[in-house]
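Only a predicted model underlies this, so the values are computations on that prediction, with no experimental measurement involved. Per chain, numbering begins at 1; letters A, B, ... match sequence-line order.
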There are 2 protein chains.
Amino acid sequence: MNAATRSPQPPLTRSVEDYLKSVFHLTSQGGFATTSDIAEMLEVAPPSVSGMMKRLSETGLIEHVPYRGVQLTPQGRRAALQMIRRHRILESYLTSKLGYDWGDVHVEAEQLEHAVSEKLIERMADALGEPRYDPHGAPIPTAAGEIEEAELVTLADIAVGSSVVLREVGDENTERLHYLAEQGLIPGVQLTVIDRQPFNGPTIVRLGDGTTRVVGQELALLLFCRPVDGE
Amino acid sequence: MNAATRSPQPPLTRSVEDYLKSVFHLTSQGGFATTSDIAEMLEVAPPSVSGMMKRLSETGLIEHVPYRGVQLTPQGRRAALQMIRRHRILESYLTSKLGYDWGDVHVEAEQLEHAVSEKLIERMADALGEPRYDPHGAPIPTAAGEIEEAELVTLADIAVGSSVVLREVGDENTERLHYLAEQGLIPGVQLTVIDRQPFNGPTIVRLGDGTTRVVGQELALLLFCRPVDGE
DNA sequence: TTTGAGATTTAGGCTAGCCTAATGCCCTGT
DNA sequence: ACAGGGCATTAGGCTAGCCTAAATCTCAAA
Ligand SMILES: [Mn+2]
Ligand SMILES: [Mn+2]
Ligand SMILES: [Mn+2]
Ligand SMILES: [Mn+2]
């Protein structure tokens, strides 16, 4: 009887939890997560990733194809989704109940996610009314481990003349989030693309109040939108 | 320039934080914390404590007198009080804002105390109105690192006929806390000792509503009281 | 088909924290 | 004064996670 089949499993370490989340995010579009992508995301050296991948495949949390990359097993995926639920509930709670700025919650949640109990997360979720999205618009997995998969398009890909709803923005960069909030570019806002400059130039959008914003290509690639019905 | 004088210090680890808290509690009546007392409190083997004491004295957090025990340095005391503030604010918050039972908060706080930021603790404290006592009646250190030192007496030492206010109870045992809550023996309640059986027998107290309780010696030793003014 | 750049893994090393077994210190009781 | 019990420390070993340097694999370009 080996480690992968022995039960009950010892609790996952902080590191393991973060590795699993990384693999989840890196494989969300399908395919493998590569050693160097994981290393970059977690800010560790590639050999550290190789070492951890070895341990994680021995415990049955990932499938490792040498020199190709890794994918989560069903068990690994379950654990990753649980961590993502924790993270996003925490971000939501800090924002709604403790007056946190949406630019600051990610860093705090990155630590707390490893220390909170299941019970605390469910109490927070309950206090919030079982939110479905975190403050940055990312879907919150259910306690049962299900997550909404929406097909979103980046603002940079929206044709001039089309209207969209901004659904989700990346949550890792505090300054970027502050800037977006200043500009009123927050999830839920409706935008109409009124122009786009050539050569990967900025996209110009009109907000509901008639004001316009000039969004550079780099930023436009990080604003995930859903086309508005009937457009 | 050695480790003790180099600055800024690296953040303390989870283990170090728990060791410092233990030393604080074990020296709160003065004197030294012994290796075996620390080992018992943290549920580790004595040699693990010896090893950690070596590291902590090298970093200037404790003073170690070989074969005698340890005491906190001012720096170690500051760190310990910060952790105790975190712990007690967390217990208060979980109880007041998330409907936690007072018997369950200790275990949760024991983990969270290592993951929360200073900022989060201050937001929680603010949301609670800067509480001065945790749910078990223990004083909460201020953000500046000051803690109230009250001279409390255990119920077992109160003379028959005297009245007291129950101020503080130990928070480590969930079942004990549940039992105390059932009996109405919670901090703030006024008690009059109406009898005590000999040979370390139980203490009989009357509550404000006229009902009585029979409190065994073991429990009476853990109920910390303040004599009522003018008695 | 060969080759080389780039990615990955292996080799070897380090620290923090834990353990058990062996040794050493301290103090009390005779 | 000293023996012995009990506590503390030292010795030696282990795992998780990290690192750098060296070896190895892969794949696309020549
Ligand atoms: Mn986040
Ligand atoms: Mn994390
Ligand atoms: Mn507690
Ligand atoms: Mn703790």
Side-chain angles (χ1 to χ4, degrees), chain A residues 2-4 6 9-23 26-27 31-71 76 79 83 110-111 113-115, chain B residues 2-4 6 9-23 26-27 31-71 76 79 83 110-111 113-115:
Chain A
N2 61 38
R6 193 166 45 227
Q9 294 90 19
L12 304 180
T13 66
R14 174 170 302 240
S15 280
V16 166
E17 289 173 342
D18 280 336
Y19 274 97
L20 292 176
K21 278 202 309 173
S22 289
V23 174
L26 290 169
T27 55
F32 290 89
T34 67
T35 298
S36 43
D37 285 350
I38 298 167
E40 186 184 355
M41 185 169 284
L42 294 177
E43 301 185 84
V44 297
S48 303
V49 176
S50 287
M52 181 61 90
M53 293 307 106
K54 182 146 178 284
R55 271 170 274 154
L56 293 185
S57 48
E58 279 162 2
T59 47
L61 292 162
I62 64 168
E63 199 69 49
H64 185 197
V65 181
Y67 292 100
R68 273 287 125 69
V70 298
Q71 287 182 320
M83 293 311 297
E110 201 56 57
Q111 301 304 316
E113 62 189 2
H114 309 290
Chain B
N2 60 39
R6 193 167 43 227
Q9 293 91 18
L12 305 180
T13 67
R14 173 171 301 244
S15 278
V16 166
E17 289 173 343
D18 281 336
Y19 274 97
L20 292 176
K21 278 201 311 174
S22 289
V23 175
L26 290 168
T27 55
F32 291 89
T34 67
T35 298
S36 44
D37 284 350
I38 298 168
E40 186 185 354
M41 185 170 285
L42 294 177
E43 301 184 82
V44 296
S48 304
V49 176
S50 287
M52 182 61 89
M53 293 307 106
K54 182 145 181 283
R55 272 170 273 153
L56 294 184
S57 48
E58 279 163 2
T59 47
L61 291 161
I62 64 169
E63 198 71 48
H64 185 197
V65 181
Y67 293 100
R68 275 287 124 70
V70 297
Q71 286 182 321
M83 293 312 297
E110 200 56 57
Q111 300 304 314
E113 62 189 2
H114 310 289

### Message
Return a single string for nucleotides 23-29 of chain C, one symbol per nucleotide in 5' to 3' order, where B is base contact, S is sugar-phosphate-only contact and - is none, cutoff 4.0 angstrom on heavy atoms.
### Response
-BSSS--
### Query
Can you name the residues that form a side-chain hydrogen bond (donor to acceptor under 3.5 Å, both in side chains) with Ser22(B), not counting sequence neighbours?
none
### Query
To the nearest 0.5 Å, what is the distance between OG (Ser50(A)) and CD1 (Ile38(A))?
9.0 Å
### Within residues 32-42 of chain B: residues closer than 4.0 Å to DNA chain C (heavy atoms)
none
#### Entry: Atom pair CE/CG of Met83(B) and Leu20(B) - distance to nearest 0.5 Å
9.0 Å
Pull out every protein N or O sitting under 3.5 Å from an N or O of nucleotides 14-20 of chain D, one pair per line with the distance.
| from | atom 1 | to | atom 2 | distance (Å) |
| --- | --- | --- | --- | --- |
| dG17(D) | OP1 | Thr13(A) | OG1 | 2.2 |
| dG17(D) | OP2 | Arg55(A) | NH1 | 2.8 |
| dC18(D) | OP1 | Ser15(A) | OG | 3.3 |
| dC18(D) | OP2 | Tyr19(A) | OH | 3.3 |
| dC19(D) | OP1 | Ala45(A) | N | 3.4 |
| dC19(D) | OP2 | Ala45(A) | N | 2.8 |
| dC19(D) | OP2 | Ser48(A) | OG | 2.4 |

### Query
Could you give the distance from CZ (Arg55(B)) to CE (Met53(B)), rounded to the nearest 0.5 Å?
9.0 Å
### Heavy-atom closest contact (Gly69(A) atom, His64(A) atom, distance)
O-CD2, 3.4 Å
### Query
Which heavy-atom pair separates Ser15(B) from Met52(B) by the least distance, and what is that distance?
CB-CE, 3.8 Å
### Task
Quickly, which of Thr13(A), Leu42(A), Val70(A) forms a side-chain contact (heavy atoms from CB on, under 4.5 Å) with Tyr19(A)? Name it, please.
Leu42(A)
### Distance below 4.0 Å between His64(A) side-chain N/O and dT9(C) OP1 or OP2
yes
### Message
Can you give me the closest heavy-atom contact between His114(B) and Arg14(B), atom names plus distance?
### Response
CE1-O, 3.6 Å
### Query
Can you find a pair of side-chain heavy atoms, one from Leu56(A) and one from Val23(A), that are under 4.5 Å apart?
no
### Task
Decide if atom CD of Glu63(B) counts as having more than 12 heavy atoms of other residues, nucleotides or ligands within a radius under 6.0 Å.
no
### With Phe32(A) via side chain to side chain contact (heavy atoms under 4.5 Å, CB included) - residues at least two apart
Val65(A), Gln71(A)
### Note: Lys54(B)-Glu58(B) ion pair, threshold 4.0 Å (strictly below)
yes
Between the protein and nucleotides 1-4 of chain D, are there any N/O to N/O pairs under 3.5 Å, and if so, what are the atom names and distances?
none

